[in-house]
K.L.:
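Please read through the structure below; I'll follow up with questions.
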Amino acid sequence: MQYKSFKGLLLASAALTLLSTPLKAQDNTTETGTETEKPPQQSAQKLAGPKIQTLDAISVTASRTEKLAIDSPASISIVTEQEIERRQAETVHDLLKDLPSVELEGGTRHTVIKPSIRGLGGQRVVTRIDGARQNFNAGHKGGLFVDPTLLKQVEVLRGPASTIHGTGALGGVVAFETKSADDYLEADEKYGAQISTGFSTVDNGVHGNITGYARPMDNIDLMASVTRRKTDDYNAGDGKKRAYTDDDLVSGLIKGGIDIADFHRIGLSYRLYRDDHNLPATPDGLSTSSIVERKSKEDSFVFDYSYDNPDNQWFDTSIKAYYDTTDIDEVRISDRRHQERTLETLGLEGFNTSYLSLHENAELAVTIGGEIFQDTQEGESNGAPIGGYPDAERNIYGVYLDNTLTLFEDLELTAGIRYDSYSLEADGQEDSEETSTSPRFAVSYQVLPFLQPYVSYAEAFRAPSLGETYASGLHFPGGGPIPNNFFVANPDLKPETAKTWEIGTNIKQDGLFMEDDSLRAKVSYFRNNVDDFIELDVDVSGGTTTSSNVTKARIQGFEAEIHYDTPTVYGSLSGSRIRGKNTDTSEALSGIAGDKAALMLGYHFQSINLDVGGRALAVREQKRVPNGNDEIDGYATFDVFTSWDADDYVPGLKINAGIDNILDKNYRRGAAVLDEPGRNFKVTASLKF
């Protein structure tokens with residue numbers, strides 16, 4: 001009876017949260033040449049195992065072959081499903097803020113957050129959700145629309161990655177993977193559901209989720225999930241509310257897959273995001289003089305096909321086709337000015353890996369792949385063009401070859417190259433076309449059973465955006481002696497390029513201090529030289545704003561990430577130290593974060609499946625800023641958390657609770673202008689049945 005009462009209460013809470021969505025939100029709706037089995041290190045089934053360690057999760061961003069992150073000769077961090085649930089994240093910032101060399105630009109308002117890696121942010125980081133590119137960019141408006149509730153895993157690759165991922169991967173890649181039915185269903189289950197609900201005190205936030213999943217036939221899986229999240233303006237550490245930080249969003253996911261003839265699989269997913277709130281026209285700033293009613297919408301469709309037969313050495317194939325449309329609709333409250341910005345991205349990506357046994361001590365993995373996508377953007381203000389967001393189109397295609405040679409199981413040599421071509425066009429403007437070649441090399445050697453040093457070199461490029469190339473029209477009105485300022489198009493922009501050397505080591509040891517403990521660590525040093533930086537030059541007295549290739553930059557730094565686990569005690573320690581300068585002027589670069597260190601410690605009470613722990617994040621003040629810029633203060637925050645799998649007491653019940661910023665610190669992250677939320681008590685309960 002108590003179980004049924006609890007189940008009913010939880011279901012009612014989640015349903016109330018979901019169904020209280022306003023109607024207006026609903027309306028915005030062995031031998032060479034023989035068939036040898038794939039090498040064990042390439043088999044996902046053999047790799048999977050118990051995911052005790054974060055770095056023991058499987059990575060596919062550094063290369064298209066599945067490999068444990070700890071074995072990859074690259075700087076990779078993975079946020080697992082367990083950690084996502086434990087953090088009860090409202091935004092992507094809550095998930096990534098502890099990772100070395102990773103920052104979130106844009107401030108605290110949910111829809112303006114953008115990832116930055118090694119001091120390179122915005123369009124210099126490739127962001128994907130289930131493989132689909134997230135290319136929306138509209139200056140101060142933001143560009144990443146995803147609710148953490150739907151996520152299974154987040155993988156971050158630090159460093160240039162254009163050989164695999166093409167344009168934009170100067171800083172790295174952030175790849176989000178959403179959940180599927182297999183993440184909920186047990187081996188003998190045919191169907192089920194999960195409900196969850198929770199609250200947070202700093203913003204009076206409430207959220208609810210209902211997910212249904214099924215396996216109607218052994219080879220078919222289906223899932224549907226919807227989340228509603230509503231918050232008020234949050235309180236900062238000084239106890240005062242920060243205006244226009246409230247939010248009201250709905251996100252959903254429908255996903256299905258069919259296994260055909262054992263080794264073939266096709267899948268289809270649809271993801272939606274709807275956000276409706278009032279906020280400043282420049283939401284990453286402090287000014288509240290121009291407030292707009294904003295509706296943010298995203299719809300994303302992904303179709304994928306894969307063939308994975310462990311006995312077929314020639315074909316390990318994946319193909320993805322996707323369509324993503326993002327729309328921001330704003331009405332200024334003061335004068336009802338109506339602006340709308342839309343981006344449609346249509347893409348196709350595929351690759352195949354062949355595994356060849358050249359000798360009993362020599363194995364070669366050859367990956368051939370390609371990508372083509374089109375961005376089409378449109379914008380209007382009261383029916384006229386918007387300055388800075390022109391109607392334009394960008395077409396990009398690329399092909400690549402990537403090879404990994406493994407000798408005596410200890411020495412691994414990787415070499416790859418990619419060719420890309422892009423074209424940009426806009427009505428009444430000169431077309432822009434260019435090509436780029438992106439090579440990469442890496443060598444790693446298992447010196448000792450626990451030690452794998454590596455060295456790598458990679459190049460990357462970023463094609464100019466449509467706004468940078470074709471922006472025209474009024475930027476901002478003048479006043480007095482200051483003339484009106486107008487955008488000036490520059491179709492002669494060259495692509496940005498990056499060349500990076502990295503030296504690092506992977507450390508993996510089980511049974512270090514006791515029989516059942518494990519240690520995983522990645523340590524690296526990198527130097528990235530970036531040419532033809534595209535910057536926005538605002539000439540106030542001349543009345544013009546234009547983008548141009550003006551800067552050569554060097555960014556270098558050190559990163560470390562360490563994880564330690566036992567059946568009871570677990571923890572992690574990470575840190576990064578980055579320096580960046582303009583090599584033409586020796587002036588410090590903007591966007592370089594202060595030195596950062598993060599610590600997490602936890603204890604698992606095995607008898608009752610209860611975890612308790614805490615986190616600390618410390619960021620040093622940043623005095624190395626461009627001339628005329630303010631120095632950035634440092635800060636330290638502390639969180640505590642608890643996670644209880646109460647299945648032995650109430651079948652299917654999990655409860656996560658925590659306190660973020662327990663000392664109620666008033667601080668700002670990076671160069672953001674809004675203070676972060678203060679002390680926040682939060683609880684989430686979920687129930688499977």
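None of the values given here were measured: they were computed from a predicted structure.
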K.L.:
Any side-chain heavy-atom pair from Leu413 and Thr404 closer than 4.5 angstrom?
P.N.:
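No. Closest side-chain heavy atoms not under 4.5 Å.
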K.L.:
My understanding is that only residues two or more places apart in sequence, or in another chain, count here; which of them pass side chain to side chain donor-acceptor pair (under 3.5 Å) with Thr545?
P.N.:
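Per chain and number, Thr545 pairs via side chain to side chain donor-acceptor pair (under 3.5 Å) with His475, Asn485.
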K.L.:
Listed by chain and number, what are the salt bridge (charged side-chain N to carboxylate O under 4.0 Å, His left out) partners of Asp284, not counting sequence neighbours?
P.N.:
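Here no residue qualifies.
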K.L.:
Could you list the residues that satisfy salt bridge (charged side-chain N to carboxylate O under 4.0 Å, His left out) with Lys494, not counting sequence neighbours?
P.N.:
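By the salt bridge (charged side-chain N to carboxylate O under 4.0 Å, His left out) rule, Lys494 matches Asp532.
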K.L.:
Report the residues that fulfil salt bridge (charged side-chain N to carboxylate O under 4.0 Å, His left out) with Arg418, sequence neighbours left out, ordered by chain and then residue number.
P.N.:
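Salt bridge (charged side-chain N to carboxylate O under 4.0 Å, His left out) list for Arg418, sorted by chain: Glu371, Asp420.
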K.L.:
Below 3.5 Å, can you tabulate the donor-acceptor pairs from side chains in residues 421-429 to any protein atom, sequence neighbours excluded?
P.N.:
none

K.L.:
Just list the side-chain donor-acceptor pairs under 3.5 Å for residues 625-635, sequence neighbours left out, or say none.
P.N.:
none

K.L.:
Please enumerate all residues that pass side chain to side chain donor-acceptor pair (under 3.5 Å) together with Tyr419, with sequence neighbours excluded.
P.N.:
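Tyr419 satisfies side chain to side chain donor-acceptor pair (under 3.5 Å) with no residue once adjacent residues are dropped.
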K.L.:
What residues form a side-chain contact (heavy atoms from CB on, under 4.5 Å) with Asp595, not counting sequence neighbours?
P.N.:
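So Asp595 forms a side-chain contact (heavy atoms from CB on, under 4.5 Å) with Arg577, Arg579, Arg620, Arg624.
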K.L.:
Show every ring-ring contact (aromatic ring centres under 6.0 Å, His included) that has at least one partner inside residues 110-146, sequence neighbours left out.
P.N.:
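Of all non-adjacent pairs touching residues 110-146, those that pass ring-ring contact (aromatic ring centres under 6.0 Å, His included) are Phe145-Tyr273.
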K.L.:
Using atom types as modelled and distance alone, determine if a side-chain donor or acceptor of Gln622 lies under 3.5 Å from a backbone N or O of Ala593.
P.N.:
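Flag set: sc Gln622 to bb Ala593 pair under 3.5 Å.
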K.L.:
With no hydrogens and no angle check, is any side-chain donor or acceptor of Asp94 less than 3.5 Å from a backbone partner on Thr91?
P.N.:
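Yes, Asp94 side chain to Thr91 backbone: donor-acceptor pair under 3.5 Å.
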K.L.:
Taking ring-ring contact (aromatic ring centres under 6.0 Å, His included) as the definition, give me every residue that meets it alongside Phe301, ordered by chain and number, with sequence neighbours left out.
P.N.:
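With neighbours one apart ignored, the set is Tyr270.
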K.L.:
Got a sec, which residues hit salt bridge (charged side-chain N to carboxylate O under 4.0 Å, His left out) with Arg271, two or more places apart in sequence or on another chain?
P.N.:
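Expected list: Glu298, Asp324.
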K.L.:
For residues 454-463, which residue pairs pass the salt bridge (charged side-chain N to carboxylate O under 4.0 Å, His left out) check, not counting sequence neighbours?
P.N.:
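The answer is Arg462-Glu468, Arg462-Glu496.
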